[in-house]
Each structure stands twice: as C-alpha cells, then as structure tokens.
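Quick notes on the structure that follows.
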Amino acid sequence: MTRHFLTLRDLSPAELGDIIRRAITLKRAQGGGQRLTLLDSRTMVLIFEKSSTRTRISFEVACTQLGGSSVFLSPGDSQMSRGESISDTARIVSSMADIIVLRTGPHDRVTAMATHSQVPVINALSDAFHPCQLLADIQTFYEHRGEMRDARVAFVGDGSSNVCQSWINAAAMMQFSLHIGAPDLYRPHPELVTAAGRRCTLTNQPSEAVAGADLVVTDTWAGMGQETQKAERLKAFHGFQVDSQMMAGAAPDAIFMHCLPAYRGQEVAAEVIDGPQSVVWGEAENRLHAQKALIEFLLA
Ligand code: CP
Ligand code: NVA
C-alpha cells in the first residue's frame, strides 16, 4: 500500500518516534563518508505553488544525498497554472516519478494529489498543516531536552496557522501538553482541539500559555496567502509578541522555536530569536535530516 504524509496523523505514534530517531542517526552519520543509495535512479518531483527557502532546499539536498535526482516545478512551470486538474497531474507525475512533494494552499489539493497518485505524496505545507516542519521541530526538542512525553509546550500567536495545527496533532501523538495563546478570532480548528483532548488547551492570554513552558513556539502573524490581511492581523496580534519578558514566564531553561521565515519586531523580538534560548538554526537544519528519514520510511 502506498503511504502518504499529508498530516502527522498519517503515521502511528511509534512510526513518528522511529522517524525522529532515524533522523538523529542520519544527522550524526552525515559527513562520515557513507554513501546512501536509497534513491539511486529514482526521482522526486517537487510542485510548489507557494514560495519556499528551507523546504525546497532541504528536499532537493536530501534527494541528492540519497543518490536521486529532483525536478522542481514552480507555479508558472506546469500546466496546473493553466487549469490542468490535480488528479490528471497526479496520474501523470506518479507514472514517471517515485515521490511527489507538494506545497499548496487548500489542503484538499494535497489530498486530491494523494488520492490519484501511485507514489507517496508529501505535504510540504498547505493552509491547514505543515507536518514536515513538525518532524524537524520534534527532532530538535529531542536533541535539546529528550523525549517529549509530558513536556509543556506553548504556542503563541496564530492558532489557526498550519504550524500551530500541526503542533496540535503532535501533542496528541507524542503525549505532551500544548498550551495555545491566541486571539479569539485566530483559534485553531475546533475538531483538532477536541481530538487532542486534555493534551491541548486554549487561552487568549499569552502569559498563561507560556507559564512554565519547556518550549515556546511562534510563527508569522500573516502567512503566505494572508498578505492582504496584514494590517488587521498586526492589530489583532498586538501583545502576542514573544519577547524576553514573555520568555521570562517560561521555565528558566526553556527553548524557543520558529519555523522561519521570521519577522523580528512582530511575532518575535530580535532579543529572543537571536538570543541564547533560541534553537531556530538547528531547527531549520533538521528539516534536511528529518525529511531524509521520512523519505526512507515512505519508500521502504
Ligand atoms: N519553514 C519553512 O517551511 O520554510 P520555507 O517556507 O522557507 O520552506
Ligand atoms: N505559517 C507560515 C509558515 C511558513 C513556513 C505560512 O503558511 O506562510
């Protein structure tokens, strides 16, 4: 059966743990001279309908390091920009390529691609979820603090963002508690919160969410596709910036994560993202290692 990775929920908790541990092993082995051959004569097709720095580079580099080659299609490059359907595209691409990586807006485009593809489809970000980011984030937590079970994580900012909604899935799967501090108008999808049960709480007071946290996470206040809402969002998120005063409410040894790109002076203060509690650079690098482990898992 073809396995896809559209949300973290496509994995069992045990599989998720295995991928994270494999990512850590692959990272340690990097540069050790061992040649990986999983993707020998295999091709990854990346279809990106939105911009990317980290996701594109990490997937293309992962592909090279696994011995394969990649084809990258930006919005204007394929016939999808002229209305060819996702389902026809999936049939064609998957008849030639071995793995498809899709970044798009509506999440149903990702599910449609998977439904019509014979090969694994990876969600490289949709409006609803960014599961690849969570692989790297969980790996980063393991490296700094160990297993996540019973850890306390705070997400401050846009609770409806793809990154926050993936954190909710992660909380239920890895059994840590996620405390979301978000304005009332920017809450996550209620079904996700319900599904996470006691592992997820919501408040509109960021200081309550952050209290005693082992990890504080935020994301941009206006994601890709939300540019026209920027002014109203800047107003709505007033008071939700992660600055050193907010970090002071977390555990003394708390770490800070951000998927990047970051907007200093908006969702995060420079003193935090560039300060000693920030692990964002390792977090970004881990996109490479975690996705190598994911590709191995999907093609195994
Ligand atoms: N974090 C992340 O997905 O970054 P890019 O948008 O640069 O890929
Ligand atoms: N929530 C952000 C994540 C960027 C990696 C966005 O969708 O733009």
Side-chain angles (χ1 to χ4, degrees), residues 5-8 23 44 46-63 70 72-75 101-110 122-141 155-170 178 180-183 185-189 192 215-230 232-234 236-237 240-242 256-264 266-268 273 278-292 294-295:
F5 184 62
L6 313 186
T7 80
L8 284 180
M44 169 185 286
L46 300 107
I47 302 173
F48 276 43
E49 299 182 320
K50 288 183 169 186
S51 311
S52 171
T53 299
R54 282 144 288 268
T55 308
R56 176 185 179 176
I57 294 173
S58 53
F59 269 113
E60 293 213 43
V61 172
C63 188
S70 55
F72 180 83
L73 298 174
S74 64
V101 179
L102 175 63
R103 170 168 282 202
T104 188
H107 189 72
D108 59 10
R109 286 178 74 73
V110 184
I122 296 175
N123 176 9
L125 179 145
S126 66
D127 289 345
F129 298 105
H130 195 1
C132 294
Q133 184 64 49
L134 262 288
L135 297 182
D137 292 1
I138 297 167
Q139 179 186 348
T140 309
F141 191 92
F155 184 97
V156 177
D158 183 359
S160 64
S161 79
N162 39 24
V163 172
C164 183
Q165 297 205 143
S166 289
W167 271 102
I168 297 173
N169 282 342
L178 175 67
I180 300 171
L185 287 175
Y186 296 91
R187 291 178 158 226
H189 198 291
L192 294 171
L215 163 64
V216 179
V217 189
T218 189
D219 184 10
T220 178
W221 289 339
M224 290 178 278
Q226 297 165 338
E227 290 79 4
T228 57
Q229 305 165 22
K230 198 154 184 179
E232 72 191 79
R233 282 173 168 265
L234 277 178
F237 289 103
F240 285 78
Q241 181 184 95
V242 180
F256 170 78
M257 288 190 200
H258 190 310
C259 64
L260 308 178
Y263 301 90
R264 289 170 176 76
Q266 294 181 25
E267 76 275 8
V268 62
I273 193 166
S278 171
V279 296
V280 299
W281 312 118
E283 178 189 3
E285 182 197 321
N286 283 342
R287 298 292 306 277
L288 169 66
H289 310 295
Q291 285 157 203
K292 270 159 74 174
L294 173 69
I295 295 164

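Throughout, residue positions are numbered sequentially from 1 according to the sequence presented. Indexing begins at 1, ligand by ligand and atom by atom, following the structure's order.
Of all protein heavy atoms, the one closest to atom 8 (O) of ligand 2 is Met224 N, 2.8 Å. Regarding atom 2 (C) of ligand 2, its nearest protein heavy-atom neighbour is Asp219 OD2, 3.6 Å. Among protein heavy atoms, the minimum distance from atom 4 (C) of ligand 2 is reached at Leu125 CD1, 3.9 Å.
Close approach of ligand 2 to Leu260 is summarised as follows: ligand atoms under 4.0 Å from at least one heavy atom of the residue are 5 (C). Within the listing of ligand 2, atoms 6 (C), 8 (O) sit less than 4.0 angstrom from a heavy atom of Gly223.
A donor-acceptor contact closer than 3.5 angstrom is absent between the side chains of Glu267 and Thr218.
A distance below 6.0 Å separates the ring centres of Phe237 and Trp221.
Here the side chain of Gln133 pairs no donor or acceptor atom with the backbone of Pro131 at under 3.5 angstrom. Gln165 places a side-chain N or O within 3.5 Å of a backbone atom of Ala128 that can act as its donor or acceptor partner. At distances below 3.5 Å, at least one donor-acceptor pair connects side-chain atoms of Gln226 with backbone N or O atoms of Gly223. Between the Glu283 side chain and the His258 main chain, a donor and an acceptor come within less than 3.5 Å of each other. Looking at Asn123, its side chain never comes within 3.5 Å of a backbone N or O of Thr7 through a donor-acceptor pair.
Relative to the ring axis of Phe48, Arg56 does not place its NZ or CZ within 45° and under 6.0 Å from the centre.
Residues with a heavy atom under 4.0 Å from ligand 1: Ser52, Thr53, Arg54, Thr55, Arg103, His130, Gln133, Cys259, Leu260, Arg287.
Under 4.0 angstrom from ligand 2, the non-hydrogen atoms of Asn162 all belong to its side chain.
Partners of Ser278 by side chain to side chain donor-acceptor pair (under 3.5 Å), not counting sequence neighbours: none found.
The closest approach between a heavy atom of Asp158 and any atom of ligand 2 is not below 4.0 Å.
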